[in-house]
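Just so you know, these numbers come straight off a predicted model, no measurement behind them.
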Amino acid sequence: QVQLVESGGGVVQPGGSLSVSCAASGKIKTILVMGWYRQAPGKQRDMVASMTTSGNRNYADSVKGRFTISRDNAKNTVSLQMNSLKPEDTAVYFCKTVAVPQGRLLPDNYWGQGTQVTVSS
């Protein structure tokens, strides 16, 4: 019903910048929240940043001041600009949306397939 496709990511040196983007498509009635999570090998998946349709942003403490989330509500896209990257930012980054599909009343969580971000010298 709702599909998420991520793009971007890759390999960057410490201190560098990278961005990831995500586009939602399908039979969408409304999107409430779009955001990014990440999962490093052997660790749990943690929230990185999220943004409501009204513009409220939320960041993990570890990325505040370095990462910026933005949305284009008309295009159902979300992007994450990552600056001053550190080796500990290395992970698979997953796009997530909380959305209400057409024909339904309640929202559900939808995930992208993930994109690798590697910070290494």
message = When you compare the side chain of Thr97 with that of Val33, does any pair of heavy atoms fall below 4.5 Å?
response = no

message = Side chains of Met82 and Asp89, heavy atoms from C-beta outward: is any pair under 4.5 Å?
response = no

query = Partners of Arg45 by salt bridge (charged side-chain N to carboxylate O under 4.0 Å, His left out), sequence neighbours excluded?
reply = none

query = Do Phe67 and Leu85 touch side chain to side chain, with heavy atoms closer than 4.5 Å?
reply = yes

task = For Ser17 and Ser84, work out which heavy atoms get closest and say how close.
result = OG-N, 4.4 Å

ask   = Is Val63 linked to Phe94 within one hydrophobic cluster, defined over Ile, Leu, Val, Met, Phe, Trp and Tyr using a side-chain heavy-atom separation of less than 4.5 Å?
value = no

task = Indicate whether any N or O donor in one side chain lies under 3.5 Å from an N or O acceptor in the other, for Gln113 and Glu6.
result = yes

Residues 69-77 side chain polar contacts: donor-acceptor under 3.5 Å, at least two apart:
residue	atom	partner	partner atom	Å
Arg71	NE	Asn73	OD1	3.2
Arg71	NH1	Met51	O	2.9
Arg71	NH1	Thr52	O	3.4
Arg71	NH1	Thr53	OG1	3.4
Arg71	NH2	Thr53	OG1	3.2
Arg71	NH2	Asn73	OD1	3.1
Asp72	OD1	Ala74	N	3.1
Asp72	OD1	Lys75	N	3.2
Asn73	ND2	Thr53	O	3.1

query = Under 3.5 Å, is there a donor-acceptor pair between the side chain of Ser21 and the main chain of Ser7?
reply = no

request  = Decide if atom NZ of Lys29 counts as having more than 12 heavy atoms of other residues, nucleotides or ligands within a radius under 6.0 Å.
outcome  = yes

Smallest separation among heavy atoms of Gln1 and Pro101, with atom names = OE1-CG, 3.8 Å

task = Begin from the C-alpha positions of Met47 and Asn58 and carry the test side chain to side chain contact (heavy atoms under 4.5 Å, CB included) through to its verdict.
result = CA-CA 9 Å; Met47 192 277 292; Asn58 187 33; 3.3 Å; yes

ask   = Roughly how far, to the nearest 0.5 Å, is the OH atom of Tyr93 from the CH2 atom of Trp36?
value = 10.0 Å

query = Heavy atoms, side chains only, cut-off 4.5 Å: are Asp108 and Val98 in contact?
reply = no

task = Heavy atoms only: give me the nearest Ala91-Arg38 pair and the separation to one decimal.
result = CB-CB, 3.8 Å

message = What I'd like to find out is whether the side chain of Val117 reaches to under 4.5 Å of the side chain of Val20, using heavy atoms alone.
response = yes

message = To the nearest 0.5 Å, what is the distance between SG on Cys22 and NZ on Lys96?
response = 12.5 Å

task = Compare all side-chain heavy atoms of Leu80 with those of Ser19 and state whether any distance is below 4.5 angstrom.
result = no

request  = Would you name the heavy atoms of Tyr59 and Ala49 that are closest together and state the gap between them?
outcome  = CD2-CB, 3.6 Å

Minimum side-chain heavy-atom gap Tyr110-Gln3 below 4.5 Å = no

Nearest heavy-atom neighbours spanning Val92 and Gly114 = CG1-CA, 3.8 Å

remark   = Closest heavy-atom pair, Leu4 versus Cys95, reported as atoms and distance to 0.1 Å, is CD1-O, 3.6 Å

ask   = Does any non-hydrogen side-chain atom of Gln116 lie less than 4.5 Å from one of Thr118?
value = yes

